[in-house]
Amino acid sequence: MSRIFGRALLLILAAAACAAISNFTASRERKMAWVGAYPRALDVSPVSESASGPAAEPPPPASTAPAASAAVASPAPSASASASGSPPGATPAGAKAFPPHPDRAFVEIGTDDAETLFKQGRLFLDARRSSVYADGHVSGARSFPVWESDIADRVKAFYEEGLDQNAPIVVYCSGGDCEDSHMLAEKLYMVGFNNLLVDRDGFPAWQKRGLPVTKGVKP
């Protein structure tokens, strides 16, 4: 009898090991998170076919104002408004809109859009390792090293800050083949954030363009 139980235990351990290896080697769309609280766990809404494509811009509403009023331009946002940003979830007048996308974890953007969002005062998250972050990062970006052991605690604490989950958040890493930003976006999406924008060009493109960079660890 003990031999039978021993074999059964070995089979269970072997199955768990196979599952762990399969999850580790799976693509980011199929990879399952190990720990954390995920409000979307029971969400079975269909996923858009272009899961990582650019968000479609909503068509402008038809104008009902007289033709004469169309010539009146809206006042441009002040420099202080663009530098310090708007309230979470709000889009400054005349600025490009980045609407929430609750049907998919993230939308990829380029450096042009990332710069636009930076000027709007949007939040940037750096998914690279903390030592790399200290060597240089987007000014004002917060460090969320997706491969470090405390990432689950960081995500949980971030969620508990009570930020607007529909406001645009830019996530970046080293660009190119780097998947850290996509992984971080998926973790944040699982706890309820609906407007995660992955900068596919990453920090090297930002730095090459001469955009604001800061070194050191944010206190």
Side-chain angles (χ1 to χ4, degrees), residues 23 26-62 85-128 138 140-147 151-173 175 178-202:
N23 187 56
S27 63
R28 66 174 183 272
E29 291 84 2
R30 296 178 176 272
K31 192 184 293 294
M32 297 181 63
W34 293 105
V35 295
Y38 306 108
R40 299 184 192 275
L42 300 180
D43 185 357
V44 293
S45 58
V47 178
S48 170
E49 292 182 1
S50 56
S52 60
E57 298 256 350
S86 302
T91 301
K96 180 177 179 180
F98 295 88
H101 38 86
D103 60 328
R104 46 188 164 171
F106 56 84
V107 165
E108 288 190 343
I109 61 173
T111 308
D112 288 340
D113 283 339
E115 182 179 359
T116 296
L117 287 155
F118 180 82
K119 290 178 179 178
Q120 291 180 14
R122 299 302 183 179
L123 180 61
F124 278 60
L125 303 181
D126 189 320
R128 303 172 301 163
V138 174
R142 296 172 60 175
S143 178
F144 277 77
V146 74
W147 286 109
I151 186 58
D153 293 333
R154 289 179 187 248
V155 169
K156 181 175 182 293
F158 185 67
Y159 168 77
E160 291 173 348
E161 289 181 24
L163 301 174
D164 182 355
Q165 295 184 327
N166 291 318
I169 297 176
V170 181
V171 186
Y172 71 90
C173 57
C178 179
E179 296 289 324
D180 295 359
S181 52
H182 299 82
M183 293 176 63
L184 177 58
E186 286 171 348
K187 289 179 181 293
L188 293 169
Y189 174 73
M190 292 302 291
V191 298
F193 289 92
N194 295 319
N195 203 350
L196 299 158
L197 306 169
V198 171
D199 180 2
R200 60 177 171 268
D201 300 327

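Residue numbers run from 1 in the order of the sequence given. Computed from a predicted model, the values in this text were never measured in an experiment. Computed from heavy atoms alone, side chains included, the values below leave out hydrogens, waters and symmetry copies.
- Closest heavy-atom contact between A114 and F124: O-CZ, 3.2 Å.
- The NZ atom of K187 sits 14.5 Å away from atom CZ of F158, with the distance rounded to the nearest 0.5 Å.
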message = Set out, in order, the CA-CA distance, both residues' side-chain angles and the distance that settles side-chain contact (heavy atoms from CB on, under 4.5 Å) for C173 and M183, then state yes or no.
response = CA-CA 10 Å; C173 57; M183 293 176 63; over 6 Å; no

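- You'll find the side chain of L117 stays beyond 4.5 Å of the side chain of I169, heavy atoms only.
- Side chains of N166 and N195: a donor-acceptor N/O pair is absent below 3.5 angstrom, by distance only.
- In terms of heavy-atom proximity, S181 sits nearest to C178 at OG-O, 4.5 Å.
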inquiry  = Let's go through L197 and H101 carefully: what are the C-alpha distance in whole Å and the side-chain angles of both, what is the deciding distance for side-chain contact (heavy atoms from CB on, under 4.5 Å) to 0.1 Å, and is it a yes or a no?
reply    = CA-CA 10 Å; L197 306 169; H101 38 86; 4.0 Å; yes

task = Begin from the C-alpha positions of V198 and V170 and carry the test side-chain contact (heavy atoms from CB on, under 4.5 Å) through to its verdict.
result = CA-CA 6 Å; V198 171; V170 181; over 6 Å; no

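- The closest side-chain heavy-atom distance from P145 to R154 is below 4.5 Å.
- Summarising the geometry, atom CZ belonging to R122 is positioned 13.0 Å from atom CG belonging to D113; distances are rounded to the nearest 0.5 Å.
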ask   = Could you walk me through whether E161 and R142 pass the salt bridge (Lys or Arg N to Asp or Glu O under 4.0 Å) check?
value = CA-CA 14 Å; E161 289 181 24; R142 296 172 60 175; 2.6 Å; yes

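- Separating the CZ atom in F144 from the CG atom in L188 is a distance of 6.5 Å, to the nearest 0.5 Å.
- Smallest separation of non-hydrogen atoms from H182 and E108: NE2-OE2, 2.8 Å.
- Between T111 atom OG1 and Y172 atom OH the span is 12.0 Å, to the nearest 0.5 Å.
- With rounding to the nearest 0.5 Å, the separation of CG in L196 from CD in Q165 is 9.5 Å.
- The distance from atom CG of L184 to atom CG of D126, rounded to the nearest 0.5 Å, is 9.5 Å.
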